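These notes concern the structure reproduced below.
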Amino acid sequence: MHTSESVTATHCPYCALQCGMNLRPEPGGAGVTVEERTDFPVNRGALCGKGRTAPAVLSSRVRLTEPLVRSRAGRLEPATWEEALDAVAEGLARTRRSYGADAVGVFGGGGLTNEKAYALGKFARIALGTSQIDYNGRFCMSSAAAAHQRAFGLDRGLPFPLEDIPRTGCVILVGSNPADTMPPALRFFRELRENGGTLIVVDPRRTRTAEQADLHLAPRPGTDLALALGLLHLVVAGGHTDEEFIAGRTTGWEEARAGAMAHWPELVERITGVPVPKLREAVTMFCAPDSAMVLTARGPEQQSKGTDTVGAWINLCLATGRAGRPLSGYGCLTGQGNGQGGREHGQKADQLPGYRKLTDPAARAHVAGVWGIDPDTLPGPGRSAYELLDALGSDVKALLLMGSNPVVSAPRAAHVEERVRSLDFLAVADVVLSETAALADVVLPVTQWAEETGTTTNLEGRVLLRRRALTPPPGVRSDLEVLHGLATRLGMPKAFPTDAEEVFEELRRASAGGPADYSGITYARIEAEQGVFWPCPAPSRTAEPGSAAEPAAAPEPHPGTPRLFLDRFATEDGRARFVPVSHRDAAEVPDAEYPLILTTGRVVAQYQSGAQTRRVDELNAAAPGPFVELHPRLAARIGAVDGAPLAVTSRRGRAVAPARITDTIRADTVFMPFHWPGEGRANTLTNPALDPVSRMPEFKVCAVRVEPA
């Protein structure tokens, strides 16, 4: 929505809130200035420091403005676009000729627009013919997605708009710190309490979010599953179950109930460290009002049992009738800007557009029909993100990477860096020369959010439109132009248009009838309605014919679906499924050699791998580098001094960063933010143990030892 000739209404490039903002061109074409956009309901004009400073990365001082090709001397040197695209196409084609299609990998990102994610998945499967495609969103909320699918038959991060949060009676916020990760969202929880509701925060650290809670539960990292089971045990023992809801709208309760009853409060206290009185208090607060919600984030999800852990919290909602009803339910706070839409349209190893399953013959036939190919030529599912990265240099010889920086963001990062270096060929399309791009054979400079048009889908399932506000620098092309250029060289020019709206029109057809149906959504509707919630099918039923003189009226458009599951769940029988789960330890627990637990996360002034935010002076001033957070008792025991370097060592490597001594963390736990490369790279330490269902790595729990460096 253009509010004037000079101001462009758009959305922030960072987290999954996708906050609304206005961009005003600066005099003389020097860039754009961010202004408040109060009409967008998610943030009502509020922005965090990352959003306010986002235009800084548009500067030619900090971003890529010409293609780079590695010379025979081993240096990345400027090249023309024709030379760079020729080199990429030849590198990918050569690998395919020598080793087969699956020796070529594609790795995408949760920040790519829906159009880019769709085109990238299509490019991998029909231009390259490879099954080896996944994206860094696998590291974001895949465990919640898998649990959503198991319980409800459909995965959308939030089944209700954020505006419902202040109107419910109680929220349990598990492993989420929106005060640092998505600050404009904190007002929903503040308004909840102002309206008389209560907030329970589950986090091993007393974060800025936990400081605002009515009750803070600080479990030992990796024990969230036991905590949820213990709360459900107390719900049953206290007679708080909703038997009518269980009988009428769910299946599998008896098995799930038996699993919970094996986790009595005293056992759960021993496992989690949360005292029994606090467990009882949480159950009382959750069950007292008529409505309540459980919201999870990376804390419980980034575990080798993340799917079961989220499933246990869903079971708590179902047992108390807090799902499929107004102002109640389970939801996941998605992290990446387009983490929701990025996995709906084909970037993920096992999915086709519209959230269709790659193994479903009907889904394959539908998408193949849109693409004009034989369904039998579509490859099957490939490796998940970490498994794909782990296979680089061995089974996967060449990689095309867009919008990700796995050398910093992947678990066991030193090993991933080694695998990236072992590739025969690496091409990276990015805005900046990230740590991963610096290792590439070819680097392609691409446009950013303010320089291109495209859609994203925020954590509510609201499809949004970013409009181009300024012209990119000479020498920069869009990702869609990159894919078109490569497809042209591989013999498929017509299949990959460069206009975002044209790609979206094809995406609409490809998603039609799928779980994530966008077919009724258009750019015009998004602008007019402040975004449209999927599923939103295109009208399929025509009105009754009128007289010959009066043609039949056009069918009414679908209004979109802000609130899911109010009538039925998306399973075959319309009932939600309880899934029986039991506590099990993390893949790696403390021992004599590694006696402490490391957990990781974010700080408010940096974002993800920091590839962009570390180039903004204001953000670096607020958060200049990594640190190790530890409790005063632990600091005294090992002789740590605040601000002095600490070495943190796991079975995978060693990181060094200044100590930050605070009583807001458990004494058996240390915390490191993961935004930085080099000596303080937190993901050097993290464990790639995978959840068996979601294939999510266990970022949040690993055994370490800590000592002054």
Side-chain angles (χ1 to χ4, degrees), residues 175 177 180 202-208 210-211 216-224 269-275 298-299 302-304 408 411-415 585-604 606 623-689 697-709:
N177 180 20
D180 282 358
V202 179
D203 198 305
R205 304 164 63 222
R206 193 171 73 247
T207 63
R208 293 197 301 141
E211 292 279 6
H216 174 214
L217 308 180
R220 185 175 294 111
T223 64
D224 307 86
E269 178 178 326
R270 287 201 299 273
I271 294 171
T272 66
V274 177
R298 306 303 79 75
Q302 288 181 327
Q303 298 185 28
S304 60
V408 177
R412 198 185 173 197
H415 171 74
D585 284 334
E588 191 173 81
V589 296
D591 56 21
E593 189 176 2
Y594 300 97
L596 300 169
I597 301 169
L598 169 71
T599 193
T600 65
R602 286 170 48 189
V603 297
V604 67
Q606 300 288 354
F627 56 86
V628 182
E629 193 175 276
L630 72 165
H631 193 277
R633 289 204 302 273
L634 173 59
R637 192 166 77 241
I638 66 172
V641 176
D642 198 64
L646 274 185
V648 184
T649 306
S650 76
R651 289 179 173 84
R652 288 153 296 282
R654 180 177 186 264
V656 178
R660 183 173 293 184
I661 300 173
T662 174
D663 64 359
T664 60
I665 190 169
R666 291 176 55 97
D668 58 3
T669 300
V670 295
F671 168 84
M672 290 186 71
F674 55 70
H675 309 291
W676 288 274
E679 188 179 47
R681 182 174 60 184
N683 278 318
T684 297
L685 308 166
T686 49
N687 192 353
E698 193 153 59
F699 287 98
K700 284 293 185 266
V701 193
C702 72
V704 296
R705 67 173 179 266
V706 180
E707 58 213 346

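All values derive from a computational prediction rather than experimental measurement. One is the number of the first residue; the rest follow in order along the sequence.
The main-chain N or O of Asp203 is found under 3.5 Å from a side-chain atom of His216 such that the two form a donor-acceptor pair. Gln606 contributes a side-chain N or O that, together with a main-chain N or O of Ala623, makes up a donor-acceptor pair within less than 3.5 Å. In this structure, the side chain of Thr669 does not engage the main chain of Arg666 through any donor-acceptor pair within 3.5 Å.
Evaluation of the side-chain hydrogen bond (donor to acceptor under 3.5 Å, both in side chains) rule for Arg652 yields Glu588 as partners, not counting sequence neighbours. Shown here are the salt bridge (charged side-chain N to carboxylate O under 4.0 Å, His left out) partners of Arg412, two or more places apart in sequence or in another chain: there are none.
In Arg651, the CZ atom is crowded: over 12 heavy atoms of neighbouring residues, nucleotides or ligands sit closer than 6.0 Å. In the displayed structure, Arg660 atom CZ is contacted under 6.0 Å by at most 12 heavy atoms of other residues, nucleotides or ligands.
Closest approach of Leu646 to Ala640, counting heavy atoms only: CD2-CB, 3.8 Å. Summarising the geometry of Ala709 relative to Val656, their closest heavy-atom pair is CB-CG1, 3.9 Å, with the distance given to 0.1 Å. What you find for Ser304 and Ala689 is that their closest heavy atoms are CB-O, 4.1 Å. Nearest heavy atoms, Met672 versus Ala657: CE-CB, 4.2 Å. The two residues Thr600 and Phe699 make their nearest non-hydrogen contact at OG1-O, 3.6 Å. Closest heavy-atom contact between Asp224 and Gln303: OD1-NE2, 2.7 Å.
A heavy-atom distance below 4.5 Å is not found between the side chains of Arg705 and Ile638. Between Val202 and Pro219, the closest side-chain pair of non-hydrogen atoms falls below 4.5 Å. In this structure, Asp180 and Thr207 have side chains that are not in contact, with every pair of non-hydrogen atoms separated by 4.5 Å or more. Between Val604 and Arg208, some side-chain heavy-atom pair lies under the 4.5 Å cut-off.
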Checklist entry - Are Val274 and Glu269 close enough, and set up right, to give a side chain to side chain contact (heavy atoms under 4.5 Å, CB included), and what steps lead you there? => result CA-CA 5 Å; Val274 177; Glu269 178 178 326; over 6 Å; no
Next on the checklist: Could you go through Val408 and Asn683, starting from their C-alpha distance and side-chain angles, then the distance that decides it, and tell me whether this counts as side chain to side chain contact (heavy atoms under 4.5 Å, CB included)?
Outcome noted: CA-CA 7 Å; Val408 177; Asn683 278 318; 5.6 Å; no
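A donor-acceptor contact closer than 3.5 angstrom is absent between the side chains of Thr223 and Arg220.
A distance of 9.5 Å separates CZ of Arg681 from OG1 of Thr686, quoted to the nearest 0.5 Å. Here the straight-line distance linking atom CZ of Phe674 with atom OG1 of Thr599 works out to 10.5 Å at 0.5 Å rounding. Expressed to the nearest 0.5 Å, how far CZ of Arg206 lies from CG of Asn177 amounts to 12.5 Å. Between the CG atom of Leu634 and the CD1 atom of Ile661 there is a distance of 9.0 Å, given to the nearest 0.5 Å. The structure places CZ of Phe671 at 4.0 Å from CZ of Arg205, a figure rounded to the nearest 0.5 Å. Note that CG of Asp591 is 10.5 Å distant from CG of Leu596, once rounded to the nearest 0.5 Å.
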